[in-house]
There are 2 protein chains.
Amino acid sequence: MKTSSQNHSVEKDSFEKPILTVDVAYLSIRGGELEILTIKRDKAPHEGELALPGGYVHCDEDEDLSETARRVIAEKTQLEPDYIEQVETIASRSRDPRGWTATVLFMALVSDSKRGEDDKLGKDCQWVALGGLKRKSLAFDHGELLSKVKERLVAKSRYTSIPLYLLPKEFTLSEAQKYFEITTQSTLEKKSFRRRLLDADIIEETGEQTKTGKRKAALYRNKNDSNVHFFPRMIG
Amino acid sequence: MKTSSQNHSVEKDSFEKPILTVDVAYLSIRGGELEILTIKRDKAPHEGELALPGGYVHCDEDEDLSETARRVIAEKTQLEPDYIEQVETIASRSRDPRGWTATVLFMALVSDSKRGEDDKLGKDCQWVALGGLKRKSLAFDHGELLSKVKERLVAKSRYTSIPLYLLPKEFTLSEAQKYFEITTQSTLEKKSFRRRLLDADIIEETGEQTKTGKRKAALYRNKNDSNVHFFPRMIG
DNA sequence: ACTTATAAGTGGCAGTGTGCCACTATTTGC
DNA sequence: GCAAATAGTGGCACACTGCCACTTATAAGT
């Protein structure tokens, strides 16, 4: 029923090769809100608009795709992500005016403390709060890509520990809860959250306490050896 | 620190475009075991070896990647899958002797009843039991691709209803349990399994019963409207 | 007919982790 | 000292899975 060629000429040479790129949604939390690293495009198409950092796969340099993703980020910032994950590959004829393109979409997270001040960022780079991004304000279909990444982040934050990668090196349980509430887009219950995080054996007390605030709070850090933790049940 | 070019020549034209393909791990259960659809390669490289069905993306025909996946399957079989899911995109210089290639890997499932008899399959196509596949017996890195798909199937079978796509149109709860035990690679407890599946409200009794066997068993079928169900907890 | 073996199906309680809410504890500012 | 705000705890309810013994139905053998 399909209108495809039934012979096996699929593997014949000189096919029109599609364009293959990698795009990275690089996320961080600051000011109590998710922010994303954007690049202001300096050429057509979509010149002057904001876009996700991305680029062509370099067949001669990149051993695999996650390396492309890291390279693309390194070209724009000096910030190595604390976490990176391949999300999905999106392709179509219409998503880029230059022709049929495929892009491998990555989600990357960087902690608040590693991110530090944003002064050494190139001036075409900018962290933008997600709340301030109007729909359709990103170039190409990058708004949709961002939605896919957000969806993945929200989903995984409900049953894994990946929001820990967004927290500063030392944090209180209340701050951790706030970060998880941002990434899960829900309000969490204090006792349940604390019990869950502490029972998981993935963070440890530093011994120090906060100095500001109404009452001193215990400071925690991620255990060195800990990878992504999968909780036995979802939260929220 | 990276040795990447620091200028922004990334978007300049005439880059060496990598090859983009789609490969599909098409799975089915028969004889109490997972089977995979293989194609015997009729040309180099790896001529004569078994491989996953796959092919180049056709920029002119395929609107997106899942369409490529369906087309690739339709070219080899007349069997439309009951379920299809993008798993991961794998790329490297070394995975194919013809050069730097990227492949978008899909997992597809077909029910035992829709699959029917295998007589109308092309003679280069063959369903092969996973247990009978020695390591390294698939062309290229398709053994690794299969491992990734297996991993995904095992994981998702523990908290979703996708094994239902492998069952025949009508099935007993014991058969369903057997299928879930195959896909989760674990033994499941009868009462827990039944309660879980029935409470999910995704299957319904046909009213009929089996005729063979020691005791007649109630027959069930998938509810028409039901999509993939996510159970609140993992099993097994 | 009675027994035996086997598969289908159920009752019921324990275990585990989350939801919920009230309660106590500590610190700051008045 | 007292109120306000944040940190942290006690304890039980709830939902779902694990477990295991038990009953029911059918076929086959004696």
Side-chain angles (χ1 to χ4, degrees), chain A residues 32 155-161 163 167-168 170-181 183-221 229-236, chain B residues 32 155-161 163 167-168 170-181 183-221 229-236:
Chain A
K156 279 199 126 169
S157 295
R158 295 186 60 205
Y159 63 95
T160 76
S161 64
L167 281 158
E170 302 199 345
F171 53 87
T172 67
L173 291 181
S174 297
E175 286 168 341
Q177 181 176 342
K178 194 172 62 183
Y179 274 59
F180 273 81
E181 287 177 336
T183 56
T184 60
Q185 296 191 328
S186 65
T187 61
L188 301 176
E189 206 282 325
K190 184 169 51 170
K191 184 65 188 303
S192 308
F193 176 78
R194 283 162 184 252
R195 186 178 39 204
R196 178 177 151 104
L197 198 53
L198 291 173
D199 289 356
D201 195 42
I202 50 181
I203 61 174
E204 61 190 2
E205 285 195 75
T206 67
E208 305 293 308
Q209 290 192 317
T210 53
K211 287 148 200 163
T212 75
K214 290 297 180 183
R215 173 177 169 177
K216 289 171 184 162
L219 283 169
Y220 291 81
R221 61 171 160 251
H229 177 78
F230 285 76
F231 295 99
R233 303 191 199 169
M234 288 195 184
I235 202 174
Chain B
K156 279 199 127 172
S157 296
R158 295 186 61 204
Y159 62 94
T160 75
S161 64
L167 281 158
E170 302 198 347
F171 53 86
T172 67
L173 291 181
S174 297
E175 287 169 341
Q177 181 176 342
K178 195 171 61 183
Y179 275 58
F180 273 82
E181 286 177 336
T183 56
T184 60
Q185 296 188 330
S186 66
T187 60
L188 302 176
E189 205 282 326
K190 185 168 52 169
K191 184 66 188 303
S192 308
F193 176 78
R194 285 163 184 250
R195 187 177 39 204
R196 177 177 151 103
L197 198 53
L198 291 173
D199 289 355
D201 196 41
I202 51 180
I203 61 174
E204 61 190 2
E205 285 194 73
T206 67
E208 306 293 308
Q209 289 193 319
T210 53
K211 286 148 200 163
T212 74
K214 290 297 180 185
R215 174 178 169 177
K216 289 170 186 164
L219 283 169
Y220 291 81
R221 60 171 161 253
H229 178 78
F230 285 76
F231 295 99
R233 301 189 200 170
M234 288 194 183
I235 202 174

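Throughout, protein chains are lettered first and strands after them, A, B, ... in sequence-line order, and every chain is numbered starting at 1.
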Can you list the steps and then say if B:Thr172 with B:Ser174 is a side chain to side chain donor-acceptor pair (under 3.5 Å)?
-> CA-CA 5 Å; B:Thr172 67; B:Ser174 297; 4.7 Å; no
Would you please test A:Ile203 and A:Phe171 for side chain to side chain contact (heavy atoms under 4.5 Å, CB included) and show each step?
-> CA-CA 10 Å; A:Ile203 61 174; A:Phe171 53 87; 3.9 Å; yes
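- Rounded to whole Å, atom C1' of C:dG19 lies 12 Å from atom CZ of A:Arg196.
- B:Arg194 places its CZ atom 16 Å from the C1' atom of D:dG18, with the value rounded to the nearest Å.
- Positionally, the nearest nucleotide of DNA chain C for A:Gly236 lies more toward the 5' end than for the other of A:Lys214 and A:Gly236.
- Not a single donor-acceptor pair, N or O on each side, falls under 3.5 Å between the base of D:dG18 and the side chain of B:Lys191.
- Looking only at side-chain heavy atoms (C-beta outward), B:Ile202 and B:Tyr220 stay at 4.5 Å or farther from each other.
- Separating the CD atom of B:Gln177 from the P atom of C:dT10 is a distance of 14 Å, rounded to the nearest angstrom.
- Rounded to whole Å, atom C1' of C:dG17 lies 17 Å from atom CD1 of B:Ile235.
- Residue A:Leu198 is the one, among B:Lys190 and A:Leu198, whose nearest nucleotide of DNA chain D lies closer to the 5' end (criterion: closest heavy atom).
- The distance between atom CZ of A:Phe231 and atom C1' of D:dT17, rounded to the nearest whole Å, is 20 Å.
- The two residues B:Tyr179 and B:Pro168 come nearest to each other via the heavy atoms OH-CD, 3.9 Å.
- As a whole-Å value, the separation of A:Glu189 CD from D:dG8 P is 15 Å.
- With hydrogens and angles ignored, no donor-acceptor pair under 3.5 angstrom links the side chain of B:Arg215 to the base of C:dA7.
- Note on B:Leu173: nothing from the nucleic acid sits closer than 4.0 angstrom, heavy atoms only.
- Atom CE of A:Met234 is separated from atom P of D:dT17 by 13 Å (rounded to the nearest Å).
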Show the numbers, then the answer: is there a side chain to side chain contact (heavy atoms under 4.5 Å, CB included) between B:Ser157 and B:Glu181?
-> CA-CA 9 Å; B:Ser157 296; B:Glu181 286 177 336; over 6 Å; no
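- In this model, the phosphate group of D:dT6 is not approached by any side-chain N or O of A:Ser174 to a distance below 4.0 Å at OP1 or OP2.
- Between A:Tyr159 atom OH and C:dG17 atom C1' the separation is 18 Å, expressed in whole Å.
- With C:dG9, D:dC19, D:dT9 as the candidates, the nucleotide lying closest to the side chain of B:Ser192 is D:dC19.
- For A:Arg233 and C:dT16, a side-chain-to-base donor-acceptor distance below 3.5 Å is present, hydrogens and geometry of angles not being considered.
- Side-chain atoms of B:Arg195 and base atoms of C:dG11 include no donor and acceptor less than 3.5 Å apart.
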